[in-house]
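Model, not experiment: these values are computed from the prediction.
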Amino acid sequence: MAFVPSAIPWSPEHQIQRMHVTRKQLETEEQAVFPLGGPSPRHLYLACKQKNKWGHPRGYRIQLISIPGEPLPQNSPLESAVSWGRYQLAVTQRKETEP
(Lines give C-alpha, C1' and ligand atoms only; values in the text may rest on other atoms or scores of the structure.)
Protein backbone atom coordinates (compact mmCIF):
# COMPACT_ATOMS: atom_id res chain seq x y z
CA MET A 1 0.00 0.00 0.00
CA ALA A 2 1.27 3.47 -0.83
CA PHE A 3 -0.12 6.99 -0.71
CA VAL A 4 -0.80 8.50 -4.14
CA PRO A 5 -1.81 12.14 -4.73
CA SER A 6 -5.23 12.33 -6.39
CA ALA A 7 -7.39 15.22 -7.51
CA ILE A 8 -10.57 15.78 -5.52
CA PRO A 9 -13.51 15.19 -7.92
CA TRP A 10 -15.52 18.21 -6.68
CA SER A 11 -12.43 20.44 -6.45
CA PRO A 12 -9.90 19.46 -9.18
CA GLU A 13 -7.45 22.20 -8.20
CA HIS A 14 -6.88 20.47 -4.84
CA GLN A 15 -5.30 17.11 -4.12
CA ILE A 16 -5.62 14.49 -1.42
CA GLN A 17 -3.43 11.51 -0.53
CA ARG A 18 -5.25 8.22 -1.21
CA MET A 19 -4.09 4.71 -0.40
CA HIS A 20 -3.28 2.69 -3.52
CA VAL A 21 -2.43 -1.02 -3.81
CA THR A 22 1.07 -1.49 -5.21
CA ARG A 23 2.41 -4.64 -6.81
CA LYS A 24 5.87 -6.08 -6.32
CA GLN A 25 6.90 -9.43 -7.75
CA LEU A 26 9.27 -11.44 -5.59
CA GLU A 27 11.73 -13.47 -7.64
CA THR A 28 13.34 -15.79 -5.06
CA GLU A 29 12.29 -17.81 -2.03
CA GLU A 30 14.66 -15.71 0.12
CA GLN A 31 12.65 -12.59 -0.78
CA ALA A 32 9.40 -14.36 0.13
CA VAL A 33 10.09 -14.89 3.83
CA PHE A 34 8.87 -12.54 6.53
CA PRO A 35 10.78 -13.12 9.80
CA LEU A 36 8.96 -12.99 13.13
CA GLY A 37 8.99 -9.49 14.58
CA GLY A 38 9.94 -7.91 11.26
CA PRO A 39 7.80 -5.87 8.90
CA SER A 40 5.23 -7.80 6.91
CA PRO A 41 3.05 -6.81 3.98
CA ARG A 42 -0.49 -5.64 4.60
CA HIS A 43 -1.84 -7.82 1.78
CA LEU A 44 -0.12 -10.71 0.07
CA TYR A 45 -1.37 -12.15 -3.20
CA LEU A 46 0.10 -15.29 -4.75
CA ALA A 47 -0.69 -15.54 -8.46
CA CYS A 48 0.03 -18.05 -11.17
CA LYS A 49 0.12 -17.81 -14.96
CA GLN A 50 -3.18 -19.67 -15.40
CA LYS A 51 -6.34 -17.60 -15.83
CA ASN A 52 -9.72 -18.23 -14.24
CA LYS A 53 -12.98 -18.39 -16.18
CA TRP A 54 -13.23 -14.56 -16.11
CA GLY A 55 -9.75 -14.15 -17.63
CA HIS A 56 -8.03 -12.97 -14.44
CA PRO A 57 -4.83 -14.59 -13.13
CA ARG A 58 -5.61 -17.36 -10.64
CA GLY A 59 -4.23 -16.76 -7.19
CA TYR A 60 -4.63 -16.63 -3.44
CA ARG A 61 -4.80 -13.67 -1.07
CA ILE A 62 -3.18 -14.30 2.29
CA GLN A 63 -3.94 -12.14 5.29
CA LEU A 64 -1.52 -12.35 8.20
CA ILE A 65 -3.60 -11.99 11.35
CA SER A 66 -1.63 -13.63 14.14
CA ILE A 67 1.64 -15.41 14.73
CA PRO A 68 2.29 -18.49 16.88
CA GLY A 69 4.69 -16.82 19.31
CA GLU A 70 8.42 -16.81 19.94
CA PRO A 71 10.50 -19.29 17.92
CA LEU A 72 13.22 -21.49 19.38
CA PRO A 73 16.65 -19.83 19.58
CA GLN A 74 18.62 -20.51 16.39
CA ASN A 75 21.48 -22.02 18.41
CA SER A 76 19.16 -24.69 19.85
CA PRO A 77 19.87 -28.24 18.58
CA LEU A 78 16.13 -28.70 17.93
CA GLU A 79 15.72 -25.48 15.95
CA SER A 80 16.66 -26.99 12.58
CA ALA A 81 13.78 -29.47 12.94
CA VAL A 82 11.27 -26.61 13.21
CA SER A 83 13.06 -23.92 11.21
CA TRP A 84 9.72 -22.97 9.66
CA GLY A 85 8.90 -21.42 13.06
CA ARG A 86 11.28 -18.51 12.32
CA TYR A 87 8.81 -16.94 9.93
CA GLN A 88 5.34 -15.43 9.97
CA LEU A 89 5.09 -16.64 6.40
CA ALA A 90 7.43 -18.35 3.96
CA VAL A 91 6.41 -18.96 0.35
CA THR A 92 8.12 -21.72 -1.60
CA GLN A 93 7.43 -23.48 -4.86
CA ARG A 94 7.52 -27.24 -5.03
CA LYS A 95 9.75 -28.63 -7.74
CA GLU A 96 8.92 -31.92 -9.49
CA THR A 97 12.28 -33.32 -8.32
CA GLU A 98 11.33 -32.84 -4.65
CA PRO A 99 9.42 -35.53 -2.73
Side-chain angles (χ1 to χ4, degrees):
M1 303 291 284
F3 285 104
V4 175
S6 302
I8 301 173
W10 58 88
S11 182
E13 66 275 4
H14 296 100
Q15 288 190 341
I16 59 172
Q17 298 290 325
R18 295 178 67 183
M19 291 296 281
H20 180 74
V21 176
T22 59
R23 183 177 289 185
K24 179 181 177 184
Q25 184 171 342
L26 304 176
E27 300 292 335
T28 67
E29 290 179 355
E30 286 296 319
Q31 293 173 335
V33 296
F34 303 99
L36 288 171
S40 61
R42 191 172 192 175
H43 299 280
L44 188 64
Y45 180 74
L46 304 175
C48 70
K49 294 178 183 175
Q50 296 174 339
K51 304 245 184 219
N52 64 16
K53 65 181 179 180
W54 298 281
H56 295 282
R58 295 180 65 97
Y60 300 91
R61 181 180 69 104
I62 297 177
Q63 184 173 353
L64 301 173
I65 296 174
S66 65
I67 56 174
E70 291 297 316
L72 286 172
Q74 287 191 14
N75 61 358
S76 166
L78 298 176
E79 197 275 339
S80 63
V82 291
S83 60
W84 50 265
R86 297 179 201 157
Y87 310 108
Q88 296 181 60
L89 176 69
V91 179
T92 63
Q93 183 175 7
R94 182 185 169 272
K95 298 168 187 69
E96 288 300 323
T97 58
E98 295 177 328

Just verifying a value: how many Å separate H56 NE2 and K51 NZ, rounded to the nearest 0.5 Å?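 Interatomic distance, H56 NE2 to K51 NZ, rounded to 0.5 Å: 9.0 Å.
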Quick one: side chain to side chain contact (heavy atoms under 4.5 Å, CB included) partners of [X], sequence neighbours excluded?
X: S11; result: I8, E13, H14
X: E30; result: T28
X: N75; result: P73
X: E27; result: Q25, Q31

Just wondering, are more than 12 heavy atoms of other shown residues or ligands nearer than 6.0 Å to CD in Q17?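 Yes, enclosed.
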Other hydrophobic cluster members with V4, side-chain heavy atoms of Ile/Leu/Val/Met/Phe/Trp/Tyr under 4.5 Å, chained?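 None; V4 is a cluster of one.
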Nearest atoms (heavy-atom pairs only) where A7 meets P12: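 Heavy-atom minimum between the residues: CB-O, 4.0 Å.
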